[in-house]
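Note that this is a predicted model, so its numbers are computed, not measured. Letters A, B, ... mirror the listed sequences (proteins, then strands); counts begin at 1.
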Number of protein chains: 2
Amino acid sequence: MTIKEIAQLAGVSRMTVSNVINKKYSKVSKTTIEKVNAIIKENNYIPNLSARNLSAQSSKIIAIIVPLVYGNDSLFSDPYTAQIVGILENNLRNKGYFAMIRSVKALSDTVTFLNSWNIDGAIFIFPKPEINVNQLLKQVSTEIVFIDSYQEVENSLSINIDDYKGTYLATKYLIEKGHTKIGFAAPKRSNNLMELRYRGYEDALKQSKINFDSSFFFDSDISLLSGIKIGEKIAKQKKLTAVITTADVVAIGIIDGARSEKCRIPDDLSVIGFDNLTIANYCYPKLTTVNQDINKKAELAISLLFDRIEKKNELPNKIKLDVSLIERESVKPLN
Amino acid sequence: MTIKEIAQLAGVSRMTVSNVINKKYSKVSKTTIEKVNAIIKENNYIPNLSARNLSAQSSKIIAIIVPLVYGNDSLFSDPYTAQIVGILENNLRNKGYFAMIRSVKALSDTVTFLNSWNIDGAIFIFPKPEINVNQLLKQVSTEIVFIDSYQEVENSLSINIDDYKGTYLATKYLIEKGHTKIGFAAPKRSNNLMELRYRGYEDALKQSKINFDSSFFFDSDISLLSGIKIGEKIAKQKKLTAVITTADVVAIGIIDGARSEKCRIPDDLSVIGFDNLTIANYCYPKLTTVNQDINKKAELAISLLFDRIEKKNELPNKIKLDVSLIERESVKPLN
DNA sequence: TTGTATGCGTTATCAT
DNA sequence: ATGATAACGCATACAA
């Protein structure tokens with residue numbers, strides 16, 4: 001069923017039908033509107049968006065680009081990403097847009113994808129260092145909002161959190177509770193994210209004149225498995241009384257790994273997470289963690305994207321969200 | 001950059017360029033192929049898929065339709081859905097398709113969505129009773145594979161698991177361990193899923209001549225919160241020694257809720273989950289649960305969908321996957 | 001208020 | 001081996 005057929009049934013031109021569909025009522029008489037609408041309904045006519053988009057040079061599609069976790073089949077190994085994507089879809093749908101999700105490996109993949117469809121905008125979650133944001137923006141005309149990008153690119157749109165503050169708060173909190181042997185589990189690959197979180201940790205130590213020992217550092221992926229290995233190692237070494245992480249999933253992994261080596265949590269080892277995922281409140285012990293407002297992050301990404309798509313330009317290029325420490329049960333005071 | 005421009009630059013017709021792009025090499029000379037390819041590369045030409053799809057009447061888009069959880073902003077409140085969607089996207093991308101995700105509330109939403117784009121196929125995860133599969137199939141020409149559909153519709157394509165066996169195994173296991181006061185937490189709304197899982201539970205009880213008491217039943221959503229409330233209730237009542245659930249998230253919620261009422265798990269209450277999510281292995285205590293192969297489920301959905309899209313018709317309409325019980329630490333023997 | 005012509009970028013068909 | 005024409009379904013610009 002096409003506009004043409006509807007037009008024939010209604011005995012009007014295609015344009016009249018088109019105007020009815022697009023509610024350009026000033027251009028059509030009431031009688032015609034009603035007649036056409038009746039026929040549209042009767043025939044269950046639904047506009048062909050491929051055609052509309054070709055004509056309009058705009059697709060009403062927003063791309064959601066997510067990192068492809070190497071060695072993993074699923075994009076959503078991390079519930080953090082899943083939660084964001086869910087909120088994005090919800091907001092986009094309510095705005096009359098469509099959400100196309102795509103995982104990408106390389107810059108060229110990304111460019112091809114974004115230029116293939118007349119994509120109206122994109123939200124890119126955690127662009128890995130392999131994908132150079134600067135290059136990407138040069139090769140693509142789509143508006144892109146980056147969530148958790150730690151490539152500092154002027155003029156790029158991004159939503160981040162105060163990473164420095166997050167680890168700073170966590171470390172400070174442990175120190176207040178009497179801990180001095182505080183491990184730090186984070187991905188090693190140097191990027192700004194890690195730089196910031198590392199500095200937060202380091203500065204808090206320094207302020208209390210605690211020496212950083214390189215054996216305090218544990219290279220981790222953002223995965224349970226990675227956490228488990230670190231937990232086992234920490235339990236065997238018996239050198240630390242506490243450890244902070246850069247993701248709740250890692251923290252939960254550490255707890256599990258340490259426990260398997262007879263290390264009690266938090267009695268023998270205090271653990272602090274990062275993200276405040278839903279599960280952080282239901283694992284055992286309930287996880288003391290750095291809270292970030294994931295929902296707000298996703299919603300702001302949408303706001304910023306549409307601020308630019310609609311050329312309002314009211315919001316700043318870079319938005320940084322605050323974090324806070326949530327006290328639960330995975331930290332034991334030593335004093 | 002369009003085909004037309006490439007054609008002009010190369011001094012050939014649009015069709016020749018099109019043939020090169022689509023690798024119809026029998027129709028183009030080697031020299032031309034090379035010349036055209038060079039110009040394409042040089043200009044970073046990328047085909048416009050909107051146009052291609054309009055022409056081809058096919059979009060290379062596969063819709064992933066997920067249930068909208070009422071009162072929840074995120075589609076992926078449940079990691080189970082997130083995992084499936086991740087695997088689907090991965091498989092689709094590898095096949096050269098695009099994944100459009102969409103949550104739907106009503107039948108009409110769904111029909112409009114599927115008919116708007118020239119969508120090549122759809123995978124529908126857990127169609128709620130509100131969306132009548134039979135009606136849907138009548139109003140849509142797209143091939144749809146249903147995952148976890150409990151509306152029995154002849155000729156519809158579906159991937160399910162052996163729900164009856166799942167709860168049967170769980171209940172039987174508890175009985176073997178000496179439990180007789182076994183609760184059952186599941187969504188009450190009557191549909192086939194619940195019917196099947198309920199019967200598995202009930203039959204196992206019957207076979208051991210254990211009477212079912214209506215107070216053993218707890219109406220639950222598939223959510224942590226729902227589990228928590230049930231856990232609290234069970235702990236307060238102190239009537240049960242064990243409870244089985246229809247989702248790991250509910251089981252984890254129950255553990256948390258019961259624990260908050262000083263009920264020790266598994267000492268005072270044994271709990272069995274359902275799904276064997278990743279987290280089931282890392283919560284505390286590690287969850288004894290009914291395992292289903294989520295990855296295989298998603299992969300089979302893709303296989304079945306493309307079996308029909310490509311008109312091979314080698315696979316059966318309905319595929320039912322086996323389940324098994326995974327023994328971990330959330331059940332304590334009473335004998 | 002309604003209709004006509006044209007273009008969006010691609011591909012199928014049919015000539016040459 | 002290459003090219004001309006039409007078609008996919010819709011919307012913009014302009015004419016009547």
Fill in: B/R14 CZ - C/dG7 P separation (whole Å)
11 Å
Discussion item. Does a side-chain N or O of B/R52 approach OP1 or OP2 of C/dG9 to a distance below 4.0 Å, or not?
Written reply: no
Worksheet item: Residues in ring pair (Phe, Tyr, Trp, His ring centres under 6.0 Å) with A/Y45, at least two apart?
Response: none
Practice prompt. Answer yes or no: does a side-chain N or O of B/Q57 lie under 4.0 Å from OP1 or OP2 of D/dG9?
Written response: yes
Discussion item. Please tell me if A/Y25 has a side-chain N or O lying less than 4.0 Å from either OP1 or OP2 of C/dT2.
Written reply: no
Worksheet item: Given C/dT2, is OP1 or OP2 found less than 4.0 Å from the side-chain N or O atoms of A/S29?
Response: yes
Fill in: Axial bend angle, the helix from C/dT1-D/dA16 to C/dT16-D/dA1: five-pair end segments, nearest 10°
40°
Worksheet item: Does OP1 or OP2 of C/dT11 have a side-chain N or O of B/N22 closer than 4.0 Å?
Response: yes
Practice prompt. Establish, with yes or no, whether the OP1 or OP2 oxygen of D/dT2 is under 4.0 angstrom from a side-chain nitrogen or oxygen of B/S13.
Written response: no
Worksheet entry | Interatomic spacing from OG in A/S158 to CZ in A/F124 - rounded to 0.5 Å | 13.5 Å
Discussion item. Does a side-chain N or O of A/S18 approach OP1 or OP2 of D/dA11 to a distance below 4.0 Å, or not?
Written reply: yes
Item to complete: Verify the contact: side-chain N or O of A/S50 to OP1 or OP2 of D/dC10, cut-off strictly under 4.0 Å; return yes or no.
Response: no
Discussion item. Can you confirm whether the side chains of B/N317 and B/E154 place a donor and an acceptor under 3.5 Å from each other?
Written reply: no
Worksheet item: How do A/M15 and B/G11 order along DNA chain D: which one's closest nucleotide is nearer the 5' end?
Response: B/G11
Worksheet entry | Integer-rounded Å distance: C/dT11 P and B/L49 CG | 9 Å
Discussion item. Distance check needed: C/dC8 C1' versus B/I3 CD1, whole Å only.
Written reply: 13 Å
Worksheet item: Okay, side chain of B/D307, backbone of B/E314: is any donor-acceptor separation there less than 3.5 Å?
Response: yes
Worksheet item: Does OP1 or OP2 of D/dT12 have a side-chain N or O of A/K24 closer than 4.0 Å?
Response: yes
Worksheet item: With a 4.0 Å cut-off, would you call B/E89 and B/R93 a salt bridge?
Response: yes
Response to the item:
When rounded to whole Å, the CG to C1' distance for the pair A/N19 and D/dT12 reads 10 Å
Discussion item. Please report the distance, rounded to the nearest Å, between CG in A/N53 and P in D/dT12.
Written reply: 12 Å
Worksheet entry | N/O donor-acceptor pair, side chain A/S55 with base C/dG7, under 3.5 angstrom | yes
